[in-house]
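Let me begin by presenting the structure, written as structure tokens, before commenting on it.
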Amino acid sequence: MRILVVGSGAREHALARTLLKDQGVEVLCAPGNPGIALDCDIAPVVPTDGEAVTALATDFSADLVVIGPEAPLVAGVADVLRSAGFAVFGPSASAAQLEGSKAFAKDVMQSAGVPTAAAHLCTDVTQIDGALDAFGAPYVVKDDGLAAGKGVVVTLDRDEAIAHARACIQGRPGGAVVIEEFLDGPEVSLFGISDGSTIVPLSPAQDFKRVHNDDRGPNTGGMGAYTPLPWAPANLVSEVTRTVLQPMIDEMARRGTPFSGLLYAGLALTTRGTRVIEFNARFGDPETQVVLARLASPLSSALMACATGTLESLPALEWRDESAVTVVMASEGYPESPVSGAVISGPVESATDAVDVYHAGTSRSANGELVVSGGRVLSVTATGADLALARVHAYDIVETIEFAGEHHRSDIALKAAKGEIHVP
Ligand code: AMP
Ligand code: GLY
């Protein structure tokens, strides 16, 4: 099977490396990065350019195209590929609106009876005060459009809430902001892969969104993740599949915009029950790195079954009885203003049974050195018999990789490993 993976982050690196473990699979990644290039061929392409991606898929004689990031999905790249006859893992532009517009996602959740935070959509700055009053502090203020995980401000400071809401509305033509009820309780990322009618859940993970230890500092794209969740209720995955994932798939099909690809439910386990914080229309980053580390079944068969509408007959997915932890190594200034150019040294090519170093914001300088070229630079992923051991394996490698200005969280999976997370 010849598979084109579109994207250039650590998520795509994990996808490519995992797919390559399946028998008879060849992978081309576009545009990829220097780390991915150690595993498979890479080709330059602008991921949001549907015609260019389709031309590349044609040249490569791809049997399957897997689209990693949200931007090409929202831009309709999956639609262009499907019209050209390719099997694609990733939703249409219409279905990707579940991620592209928070207001659309709320509307579908309401029709599907899926529990989420109560919310007000504001399209005019005069509506901001009323919406903030409706829910009180802590204030949750979200850019309605795509913002790479950084469009959300959760704050006790009303002035900060107002400033962010104004920036979302005035920042671009048609700008809008969603102001919503604060959800307490631990967060879970649960992914489901779907062919538009059936949905199969993957191993639940937890992401660390804030930049600093103890969930301090601004939101990022994600500073680390782990799976499974020893503290989660035993029926969490089956309950969320029944009450969230399947109803969303059914409602999208009913609307004539079936969702085929990966549906990512960001959940809060609150004192009043499980609530959806957000949906994404693609694999999460960095959760994918840990989820795939536990997957024992062939990933290529699962993604192909989604792309060809045959998920119902796929054998049940199997999971390794191991824990996985990933730690993101970030560049100086991330997330506000990442600084590029620092030279990276250490075991950046690791790919062993216990550890994978996945590349994201890396590139080659003119003289061939590996240098920082983005905010999240590397995603160091390790497995172990339990979370404590997986942490040791991951941090052992993190401590040996260096670049100027590097920072990471030292508490990824720590509370879970110590049994300090409790569901209300
Ligand atoms: P989102 O981009 O919607 O996933 O939001 C990013 C992060 O902001 C989430 O992972 C939560 O930590 C936080 N967040 C978003 N919505 C809420 C909410 N209603 N209540 C509490 N925290 C939230
Ligand atoms: N880790 C959060 C995301 O992928 O959106």
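Counting convention: from 1, in listed order, for ligands and their atoms alike.
- Enclosure of atom CG in Asn235 by more than 12 non-hydrogen atoms of other residues, nucleotides or ligands within 6.0 angstrom is indicated.
- Within ligand 1, the atoms closer than 4.0 Å to a non-hydrogen atom of Asn219 are 7 (C), 8 (O), numbered from 1 in the order shown.
- Within the 4.0 Å heavy-atom shell around ligand 2 one finds Gly284.
- In this structure, Tyr264 has a heavy atom closer than 4.0 Å to ligand 2.
- No side-chain heavy atom of Val348 sits under 4.5 Å from any side-chain heavy atom of Thr362.
- In the model, Ser203 has a side-chain atom that pairs as donor or acceptor with a side-chain atom of Arg294 under 3.5 Å.
- Look at Arg210 and you'll find every heavy atom at least 4.0 Å from all atoms of ligand 1.
- If you number the atoms of ligand 1 from 1 as listed, the ones under 4.0 Å from a heavy atom of Phe182 come out as 20 (N), 21 (C).
- For ligand 2, the polar-atom distance check against Lys209 finds no nitrogen or oxygen pair separated by under 3.5 Å.
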Determine whether Ser111 and Arg255 satisfy the following criterion, side-chain hydrogen bond (donor to acceptor under 3.5 Å, both in side chains), listing intermediate values before the conclusion.
CA-CA 10 Å; Ser111 319; Arg255 290 179 180 221; 2.7 Å; yes
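- Between Arg216 and Arg409 there is no side-chain heavy-atom pair separated by less than 4.5 Å.
- Ring planes of His359 and His13: perpendicular class, angle over 60° (limits at 30 and 60°).
- The nearest non-hydrogen atom to atom 5 (O) of ligand 2, considering only Arg282, Glu287, Glu70, comes from Arg282.
- Note that NZ of Lys106 is 11.0 Å distant from CG of Asp144, once rounded to the nearest 0.5 Å.
- Counting only residues at least two apart or on different chains, the ring pair (Phe, Tyr, Trp, His ring centres under 6.0 Å) pairs with a member in residues 258-306 are Phe89-Phe283, Phe191-Tyr264.
- Using 4.0 Å as the threshold, Gly221 has a heavy atom nearer than that to some atom of ligand 2.
- At least one heavy atom of Pro286 sits less than 4.0 Å from an atom of ligand 2.
- Below 4.0 Å from some heavy atom of Lys102 lie the following atoms of ligand 1, by number and element: 1 (P), 2 (O), 3 (O).
- Residue contact check: Glu187 has heavy atoms under 4.0 Å from atoms 9 (C), 10 (O), 11 (C), 12 (O) of ligand 1.
- Side-chain contact between Ser337 and Val339: absent, with no pair of heavy atoms (C-beta onward) separated by less than 4.5 Å.
- Taking CD1 of Ile193 as the start and CD1 of Ile199 as the end, the distance is 8.5 Å to the nearest 0.5 Å.
- Listed by atom number, the atoms of ligand 1 under 4.0 Å from Val140 heavy atoms are 16 (N), 17 (C), 18 (C), 19 (N), 20 (N).
- The shortest N or O to N or O distance between Val152 and ligand 1 is not below 3.5 Å.
- Interface atoms of ligand 1 facing Ile277, defined by a heavy-atom separation under 4.0 Å, are 3 (O), 15 (C), 16 (N).
- For ligand 1, the atoms sitting less than 4.0 Å from at least one non-hydrogen atom of Lys142 are 3 (O), 15 (C), 16 (N), numbered in the order shown with element in parentheses.
- Counting the atoms of ligand 1 from 1 in the order shown, those under 4.0 Å from a heavy atom of Glu180 are 16 (N), 17 (C), 18 (C), 19 (N).
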